[in-house]
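The analysis underlying the following values was restricted to heavy atoms, covering all of them including side chains, and did not include hydrogens, waters or symmetry mates. Residue numbers start at 1 and run along the sequence shown.
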Amino acid sequence: MADATTATVPATVSRPASRSQLRSIALPSLLANWVLLAGLFAVGMLYASGGSSARDLLISDLLINLVLVLGFHIFIGNTGVLSFGHLGIASVAAYTMALLAVPTDRKTVLIPNAPWGIPEIELSPLVASLIGIGVGIVVAALLGLVAARTSGLAATMITLAFLSIVRQVAENRKDLTGGAQNLSSVPRLEGWSWPVFGAFIAVLIAVFFRSSKTGRLAVATREDELAAGAMGIEVFTPRLVAFVVSGGLVAFGGILRVQSLGSIGPSQFSFEFTILILAMLVVGGMRTVTGAIAGTVFITVGKEVTRFLGDGPDFLGFTWPVVDGLPDLFLAGSLLAVLLTRPNGLLGEFDLGGWVTQRFRRSAPAMPVPGEPAADAGFAVVAPQQATGGELVTSGLGVVFGGFTAVDDVSITVAPGRIHGLIGPNGAGKTTFVNLLTGIVEPTTGTVRLGDKELRGAPYKRARDGVARTFQNLRVFPSLSVRENVAVADLVAHDHRSHRVGVSVDELLALSGLTHMADRSAATLDYGNQRRLEIARAAALRPDFLLLDEPTSGMSSSESLEMVDHVRRVATAIGAGVLVIDHDLGFITNICEHITVLDQGAVLAEGTAEEIQRDPRVIEAYLGSGHA
């Protein structure tokens with residue numbers, strides 16, 4: 001029952017979170033980072049106005065480096081997958097541009113035997129650049145088809161191998177690239193116009209990708225691949241899109257780099273330069289655009305300062321000693337210091353736009369005022385939904401690991417709109433059974449059906465078919481805010497569960513008592529609130545059935561009783577059936593209308609709570625034969 005602090009909230013069909021929040025998330029970040037970039041450029045112009053052309057070149061290098069760093073950020077920062085191959089894409093794009101734009105009279109001297117009639121082709125720099133970017137995008141798509149299917153070390157090694165192959169081709173196809181000798185006479189950029197344009201466009205692309213639906217799904221895969229799959233998120237597609245978008249941006253940056261120098265050679269896109277760009281990304285903070293800008297400025301300026309000091313100048317009334325390799329020492333020292341003290345970079349998760357937005361939201365504080373009850377402290381009641389769909393049925397479900405039978409011929413039926421308990425002592429096979437239902441483990445025997453449809457394939461497919469789950473060990477997306485955790489599942493629901501009436505993100509937060517915590521990162525919540533967040537996230541998928549794996553694990557008796565009420569509220573609000581897995585007999589009998597008992601992977605007993613509590617086989621399984 002609702003108390004005095006409980007509000008009744010009607011269930012509604014909410015707008016897709018990607019659209020409803022795009023303006024509030026993307027625009028403040030874009031404008032704030034553009035202002036930051038404009039301020040840095042103004043400082044750069046002031047610095048360049050008092051010196052030689054070398055200062056102009058430094059500012060140009062900084063802006064072009066930023067384009068490359070943001071290109072890396074779009075993939076690495078949003079997916080968490082380290083790539084060394086992006087400068088290989090930049091190299092291919094830059095060589096394409098150069099081969100098309102270098103004047104024919106120079107190509108007949110430098111590469112007279114180039115294939116495909118290249119010595120006779122001369123295009124304008126703009127057209128050649130657009131073609132080069134297009135080629136870079138195609139190469140990124142082909143490489144991404146391989147790299148995005150893997151993760152961790154495998155993906156990193158694939159991209160590193162690609163970078164090495166591009167370098168070898170550039171050095172050894174002398175008839176096409178000129179070999180180790182630089183291909184000169186590339187049309188040069190005049191002034192800062194294109195580097196400035198490139199930097200502002202790079203910020204625009206990076207901010208809007210992160211705020212887009214695809215970008216937010218990619219971030220979810222970065223946070224936890226297993227939990228993302230359970231929320232209906234296919235890991236491959238967001239990562240492939242991120243790879244292609246980032247590939248196009250680094251292709252643009254590579255072309256700007258070559259045009260600023262007026263020549264191109266294999267050394268310009270070497271492994272060493274890749275490490276430099278990665279250092280800029282890591283030092284500032286790879287997860288935000290603001291961090292990428294900060295890291296680029298810090299490393300670029302730092303290397304220039306240490307280069308100057310390493311040459312032994314007379315500076316500040318003191319003759320500095322000559323130190324060979326001081327810029328490299330600065331780079332290595334910066335990386336080491338940051339990784340040891342701030343593993344997420346100098347700025348971590350800080351984004352300037354988010355900070356500005358929070359500063360202007362002081363009229364609606366994220367946390368309740370001390371001494372006053374939170375608006376949602378009593379948990380809102382959402383108008384209940386009618387249960388729809390068919391039964392969740394397993395027939396002869398089993399799995400054998402090696403010679404060990406973990407689940408043995410389990411057949412159960414979970415009715416729509418009902419709360420069904422699955423109980424058993426530790427080691428009974430409960431979690432393995434849930435993993436079979438959700439596709440994390442492939443069954444050796446048996447089938448799983450939801451209504452007339454047999455559930456098959458990867459976890460994301462089963463989630464989209466209507467089976468959402470929580471985990472025995474908490475799997476929230478820690479770096480995302482509470483609202484973003486729920487909104488990610490809401491995005492999937494709008495695409496794949498639109499036939500069911502949904503409960504909006506804000507309604508689910510109110511239902512779970514999390515509204516006043518909505519802008520906090522999930523990692524800062526206490527254990528009980530993280531449990532409620534995980535259930536709210538699963539409910540946002542609009543499932544036919546919620547599978548809750550030990551939702552009271554680690555909770556006290558009073559907390560367990562509160563969770564009983566919470567599970568009932570959520571299930572009623574979304575009109576879903578619930579399969580609750582636990583070893584706590586008291587919790588299960590309090591919440592469930594029908595109970596199945598597992599022991600050693602097989603069904604031991606089934607019935608109502610009263611029948612199960614009286615069953616001597618259940619008593620023996622829990623307390624031993626002396627109590628039967």
Measure the spacing between [atom1] of [X] and [atom2] of [Y] and express it to the nearest 0.5 Å.
X	Y	atom1	atom2	result
Asn33	Thr288	CG	OG1	7.5 Å
Leu183	Leu176	CG	CG	9.0 Å
Leu36	Phe41	CG	CZ	14.0 Å
Ser334	Lys303	OG	NZ	9.5 Å
Ile118	Thr108	CD1	OG1	13.5 Å
Arg216	Leu480	CZ	CG	9.0 Å

Partners meeting side chain to side chain donor-acceptor pair (under 3.5 Å) with Thr96 (sequence neighbours left out) = none

request  = List the steps, then state whether side chain to side chain donor-acceptor pair (under 3.5 Å) holds for Asp519 with Ser481.
outcome  = CA-CA 5 Å; Asp519 294 324; Ser481 70; 5.3 Å; no

Looking at every heavy atom in both [X] and [Y], which two are closest together, and how far apart are they?
X	Y	result
Gly77	Arg222	O-NH1, 2.8 Å
Ala522	Leu533	CB-CD2, 3.7 Å
Gly179	Pro266	O-CD, 3.5 Å
Thr159	Ala147	CG2-CB, 4.2 Å
Ala463	Gly232	CB-N, 3.4 Å
Trp192	Ala48	CH2-CB, 3.6 Å

Partner set under salt bridge (charged side-chain N to carboxylate O under 4.0 Å, His left out) for [X], not counting sequence neighbours:
X	result
Asp56	none
Asp175	Arg173
Arg210	Glu484

Intermediate values then yes/no, side-chain contact (heavy atoms from CB on, under 4.5 Å), Phe273 and Ile277 = CA-CA 6 Å; Phe273 187 59; Ile277 296 299; 3.8 Å; yes

remark   = Leu30 meets the side chain to side chain contact (heavy atoms under 4.5 Å, CB included) criterion, sequence neighbours left out, with Trp34, Val203, Leu204, Val207, Phe208

Side chain to side chain contact (heavy atoms under 4.5 Å, CB included) against Arg462, all qualifying residues, sequence neighbours excluded =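 Arg462 satisfies side chain to side chain contact (heavy atoms under 4.5 Å, CB included) with Glu442, Val448, Leu455 only.
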
ask   = Run the side-chain contact (heavy atoms from CB on, under 4.5 Å) check on Phe209 and Val241 step by step: do they pass?
value = CA-CA 10 Å; Phe209 179 81; Val241 174; 4.0 Å; yes

Pairwise side-chain contact, [X] with [Y], heavy-atom cut-off 4.5 Å (strictly under):
X	Y	value
Val135	Val92	yes
Ser260	Ile64	yes
Met280	Asn65	yes
Val127	Ile131	yes
Ser83	Phe243	yes
Pro327	Glu304	no
Leu99	Ile121	no
Arg537	Asp490	no

Salt bridge between [X] and [Y], side-chain N to carboxylate O under 4.0 Å?
X	Y	result
Arg239	Glu225	yes
Asp351	Arg287	no
Asp495	Lys213	yes
Arg307	Asp311	yes

Is the backbone of [Y] close enough, under 3.5 Å, to the side chain of [X] for a donor and an acceptor to pair up by distance?
X	Y	answer
His73	Ala292	no
Thr156	Gly152	yes
Glu223	Ser479	yes
Thr524	Ser521	yes
Thr300	Thr296	yes
Thr79	Phe75	yes

side-chain contact (heavy atoms from CB on, under 4.5 Å) between Leu278 and Ile76, intermediate numbers included = CA-CA 10 Å; Leu278 285 173; Ile76 299 174; 3.6 Å; yes

ask   = With under 30° as parallel and over 60° as perpendicular, where do the rings of Phe298 and Phe330 fit, or are they tilted in between?
value = tilted

ask   = Centroid-to-centroid, Tyr95 to Phe269, below 6.0 Å?
value =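 Tyr95 vs Phe269: aromatic centres not under 6.0 Å.
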
inquiry  = Quick one about His86 and Ser246 (side-chain donor to acceptor, distance below 3.5 Å, no hydrogens or angles considered), yes or no?
reply    = yes

key: Full working for side chain to side chain donor-acceptor pair (under 3.5 Å) between Ser129 and Gln259   = CA-CA 10 Å; Ser129 297; Gln259 290 179 338; 3.0 Å; yes

request  = In sequence, state the C-alpha distance, the side-chain angles, and the governing distance for Ser60 and Trp194, and then conclude on side-chain contact (heavy atoms from CB on, under 4.5 Å).
outcome  = CA-CA 9 Å; Ser60 180; Trp194 278 103; over 6 Å; no

message = Looking at Tyr47, I'd like to know if the NZ or CZ of Arg55 sits under 6.0 Å from its six-membered ring centre while staying within 45 degrees of the ring's axis.
response =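 Positive - Arg55 is close enough to the ring of Tyr47 and near enough to its axis.
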
